[in-house]
Asks: 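Dumping the structure here so I can ask a few things about it.
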Amino acid sequence: MVAGGVFALLGATSRGSPYSTIQRAEAATSDSTAGKAVSTPARPIEVSYEVLEVGPDKKFRTLTEAGCLMNSIPWWNNGYTDPATIARMGFRIIISPGPPGYYTNDSGSHSRRWPSLRGWPPFEGSLLGPVIIEGEAGKPAPVLDTDGYADGVLYYQTGLFATGSCDATFRHLIFRGFRRRDDIGNYAAVRLGQSFAKIPMNSHVLFEDCEFSECDNGIMGGAVGQSLTLRRCYFHDNGNQSGRVHNIYFSGGDTLTVEDTLSTRCKIGHLLKTRAAKTVIRNTRLIGNGGTESACLDVPDGGILDIDGLVCEKSPGTDASWLIHYAGENQDAAGVFFYIPSAVKIRNMTMVAPAMMTRHLGWGQIVGFANQSGLGAGTSGKGSYLVTPNSEGVKVYGLTEKAAGLPCTVLPDKPALNLQSPVHST
């Protein structure tokens with residue numbers, strides 16, 4: 001039994017009432033018939049979600065207290081609980097809004113907010129099992145932030161939360177300020193792709209109606225076996241001067257789906273960067289809006305790119321000469337090869353370019369869709385080949401058809417750009 005710490009203060013909570021059931025493949029099995037492997041249906045994993053309410057007048061006054069309970073010995077136990085049990089032991093955290101600054105630095109057991117270590121084992125934002133973390137319905141979204149000293153607040157220099165092997169849903173939340181003040185950090189509001197508790201990576205991470213600002217990365221990370229969906233999210237004013245961090249960076253995984261999302265104003269970083277095997281973009285806006293962003297969209301390892309409804313706009317102060325970059329990055333030495341299969345399908349896309357680049361006057365012409373898939377293994381990596389885009393409904397302003405890189409209609413007038421947040425407020 002734990003003496004002292006958050007768990008001793010919280011006491012026991014009721015368990016075992018299922019909130020929902022997640023159909024997740026547990027393990028694919030096979031049988032051999034005449035030398036041919038035959039897959040049998042995987043059994044679903046039933047996840048029982050225990051509800052933890054967080055807020056000024058709730059049982060758990062802070063996120064850290066709720067996190068310490070999840071990570072305590074009778075529950076996840078810092079990953080020492082049986083992996084099969086952790087994979088079924090879900091938590092639904094409902095966060096009520098607080099007064100300004102209420103959740104500032106509420107970022108784990110080692111935060112400078114606490115005069116002494118909170119809980120045992122300590123909670124550092126790692127979400128070992130399945131979780132749903134959401135703002136209270138019908139209330140303003142809670143603001144989860146730091147005071148600008150994230151290098152001290154985030155003990156392991158990752159993010160407020162780190163997701164990995166199990167499903168995670170984030171809904172109706174505002175993430176702000178997870179960055180280093182010296183502009184050389186690589187923090188994120190949420191970090192993906194870390195394998196926890198000896199559970200095989202097989203997860204889906206969903207963000208709905210969330211806002212991310214003033215972080216090094218809004219979201220970063222990803223791994224084979226993990227997929228990410230962004231729906232009605234708003235990313236703005238993230239990044240730093242290093243060029244290594246971005247508004248959104250899915251650094252490797254199965255499928256990235258971006259729907260009804262706005263990403264704008266990133267400091268020398270991409271508005272959206274994806275190394276997923278498949279990237280699907282629907283009704284989304286990647287708009288520089290006078291910032292210093294690099295690419296609107298960077299897809300450096302090829303793969304399947306499926307776009308239907310996208311507006312890209314590049315700022316004069318951009319730090320890259322192309323709006324969309326496809327392939328053209330050799331990461332063979334890091335074990336990241338050109339994706340096979342790769343394909344590009346584009347429908348209903350508008351690209352808007354400035355008359356010139358003010359930061360890099362000598363870089364020459366701005367390019368719309370820079371397809372470097374056919375430049376050979378030295379440029380695009382092992383197995384790379386020319387991927388010819390299948391596109392229709394492409395419109396451009398500020399670009400010639402040749403510079404656009406795709407068959408297109410050249411617009412005589414600059415189209416109006418919608419900068420309204422897509423987040424549903426309740």
Asks: Please find the pair of heavy atoms, one from L63 and one from D106, that lie closest to each other, and give the distance.
Replies: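 Here L63 and D106 meet closest at N-OD2, 2.6 Å.
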Asks: Please identify which of these residues, R265, R176, R179, K267, meets the salt bridge (Lys or Arg N to Asp or Glu O under 4.0 Å) condition with D237.
Replies: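 Output: one option passes, namely R265.
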Asks: Measure centre to centre between the rings of W76 and F91, then say whether the value is under 6.0 Å.
Replies: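 W76 vs F91: aromatic centres under 6.0 Å.
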Asks: Identify whether the distance between the nearest side-chain nitrogen and carboxylate oxygen of R275 and D301 falls below 4.0 Å.
Replies: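 Yes, charged N to carboxylate O under 4.0 Å.
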Asks: When you check the gap from the basic side-chain N to the acidic O, do E65 and R118 get nearer than 4.0 Å?
Replies: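 A salt bridge is present here (some side-chain N lies under 4.0 Å from a carboxylate O).
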Asks: With respect to C68, which candidate in F60, F123, W75 satisfies the side chain to side chain contact (heavy atoms under 4.5 Å, CB included) definition?
Replies: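 Between C68 and the candidates, side chain to side chain contact (heavy atoms under 4.5 Å, CB included) is satisfied uniquely by F123.
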Asks: Do you know which two heavy atoms are closest between N289 and S315, and how far apart they sit?
Replies: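 N289 and S315 have their closest heavy atoms at N-OG, 3.5 Å.
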Asks: Could you tell me whether E259 and R282 have a side-chain N and a carboxylate O separated by less than 4.0 Å?
Replies: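 Salt bridge flag = no for R282 with E259.
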Asks: In the structure I gave you, are the side-chain heavy atoms of V387 and F338 within less than 4.5 Å of one another anywhere?
Replies: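 They are in side-chain contact.
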Asks: Is R347 salt-bridged to E392, going by a charged N under 4.0 Å from an acidic O?
Replies: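 Answer for the salt bridge query: yes.
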Asks: For F212 and F235, take the angle between the two ring planes, folded into 0 to 90°, and tell me which bin it lands in: parallel under 30, tilted 30 to 60, perpendicular over 60.
Replies: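 Judged by the thresholds at 30° and 60°, the geometry between F212 and F235 is parallel.
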Asks: From the options N238, N240, N186, select the one residue that forms a side chain to side chain donor-acceptor pair (under 3.5 Å) with D216.
Replies: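 Exactly one candidate clears the test, N240.
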Asks: I'd like to know if E134 pairs up with R92 as an ion pair, taking the criterion as any Lys NZ or Arg NE/NH1/NH2 lying under 4.0 Å from an Asp or Glu carboxylate oxygen.
Replies: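 Counted as a salt bridge, because a side-chain N and a carboxylate O are separated by less than 4.0 Å.
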Asks: Are T229 and S227 packed together at the side-chain level, in the sense that at least one heavy-atom pair is separated by less than 4.5 angstrom?
Replies: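 SC-SC contact between T229 and S227 ruled out.
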